[in-house]
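Written out below as structure tokens is the structure these notes cover.
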Amino acid sequence: MRYWGLFFGILLAVSSCIDPFKPADSSLNNRYLVVSGFLNTSGDTTVITLSRTQPVNDVTPPVAESGARVQVRGDQGTTLPLIEIQGGTYILPPRKFVGNENFRIQITTYDGKTYVSDYVPAKQSPAIDSVTWQADRPNNVMRFLVHTHDPTNNTRFYRWKVEETYQYQSAYYSGVEVVNKEVVRREVDVYSCWRTDRPTNILIGTSAKLSQDRIQSYPLVMIHSSSNKLLVKYSLLVKQYALTQAAYEYWDMLAKTSETTGGLFDPLPSLVTGNIRCESHPEELAFGFFSAGTEQTLRLTVQPYDFNGWFPGTYPRCLVEPDTLSPQETILTSDNSRKIIGSLDMPLRYLLVPSNCADCRSLGGNLNKPSWF
């Protein structure tokens, strides 16, 4: 009994040290400027997005900052104005960059406030060596890894973005549909869809503590066998950027603050602003980190037979048994929430299932197959 009392005493002491985290100023209406994007010096389009912060308990999309004047200026006199193509999205068309100029972004918002970033060098990213996959059979997981190196040892700090495009299929094939109260053969195939996901998690790596500037087997994506991403065909596009040490430290702190907080030994949430400041109102906060440099890309496309015996789970199943209906009942009950998947002995009876079991579009994809897929 003495040991039980000691145990509960320790438990009480530990639990008394844990307080729920309540974000400061979460109820305030301050809407600070957020700048996202970088100057692409590799001959592709530069995209900068401007938005406003919002309380952490606000689940609505961020408010786009429209009507701003955005330009990139170089320390050798270059001025590059961006144009707004939609609310809060500003682009600079592809152009050729010559020399070793440093750049910064300048923003004048619709209400007349001005923002600037620090000058940053245009970092040249080395090529991606390869993107590979690795099956974790005990955990039923497929991992996708990136490998890269800089033979000049000048990069050291890296960041990656990924785009996942995959083909998937419905649990049932729907060959007929109801049109004008008649059961007719379906003209548009809704069995196979394609979807592209752009994960927002922060992917950074460094070789600063290594003798060689090499990143080996950095994990980019992890897909469990229960996912439908690998069942038919999967394509992973990897984009690689070289960072300055200051940019790496910013993304590292942002990742620790936004992605790993919540545990007892995780770092405490902190304010991560970046290299952008409000020039006209120095007391006002601004968020984001402006960088410049080249973008290297590499795409890996795989199908189930590429995995050497590791199979990505089973095809999706519909947990609802199909309804058996007569033509009259079909016309009366068929709507957008249910799809006809076929007939038992046409025209006597039909099978109906929920739309998400027979229309692949209901799972977030579309019927447009990418030209490169």
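- Partners of His281 under the side-chain hydrogen bond (donor to acceptor under 3.5 Å, both in side chains) rule, at least two apart in sequence or in another chain, do not exist in this structure.
- Shown here are the salt bridge (Lys or Arg N to Asp or Glu O under 4.0 Å) partners of Glu164, two or more places apart in sequence or in another chain: Lys229.
- Annotation: salt bridge (Lys or Arg N to Asp or Glu O under 4.0 Å) contacts of Glu284 (sequence neighbours excluded): Lys113.
- Less than 6.0 angstrom separates the ring centroid of Tyr218 from the ring centroid of Trp160.
- Applying the ring pair (Phe, Tyr, Trp, His ring centres under 6.0 Å) rule to pairs touching residues 47-69 yields nothing, sequence neighbours excluded.
- The other residues sharing a hydrophobic cluster with Val47 are Ile83, Ile85, Ile91, where clustering joins ILVMFWY side chains under 4.5 Å apart.
- Of the inter-residue distances, the one linking Thr148 atom OG1 with Asp150 atom CG reads 8.0 Å to the nearest 0.5 angstrom.
- Take Phe307 and apply the ring pair (Phe, Tyr, Trp, His ring centres under 6.0 Å) test, not counting sequence neighbours, and it matches Trp133, Trp310.
- Within the structure, every pair that satisfies the disulfide (SG to SG under 2.5 Å) test and touches residues 108-214, not counting sequence neighbours, is listed here: Cys193-Cys360.
- Residue pairs meeting the ring pair (Phe, Tyr, Trp, His ring centres under 6.0 Å) criterion with at least one partner in residues 44-82, sequence neighbours excluded, do not occur; the list is empty.
- Scored by the salt bridge (Lys or Arg N to Asp or Glu O under 4.0 Å) test, Asp136 finds Arg143 as partners (sequence neighbours excluded).
- Within the hydrophobic cluster formed by Ile, Leu, Val, Met, Phe, Trp and Tyr side chains joined at under 4.5 Å, directly or through other members, Leu80 is accompanied by Leu33, Val35, Leu39, Ile48, Leu50, Val70, Val72, Leu82, Tyr90, Leu92, Phe97, Phe103, Ile105, Ile107, Tyr115, Val120, Ile276, Phe290.
- At a threshold of 4.0 Å, the pair Asp118-Arg277 counts as salt-bridged, since one of the basic side-chain nitrogens sits closer than that to a carboxylate oxygen.
- Other residues sharing a hydrophobic cluster with Val188 under the 4.5 Å side-chain heavy-atom criterion for ILVMFWY residues are Val190, Leu367.
- Residue pairs meeting the disulfide (SG to SG under 2.5 Å) criterion with at least one partner in residues 107-178, sequence neighbours excluded, are absent.
- Ser355 and Ser362 share no donor-acceptor pair across their side chains, judged by distance under 3.5 Å alone.
- Side-chain atoms of His147 come within 3.5 Å of backbone N or O of Ser217 as a donor-acceptor pair.
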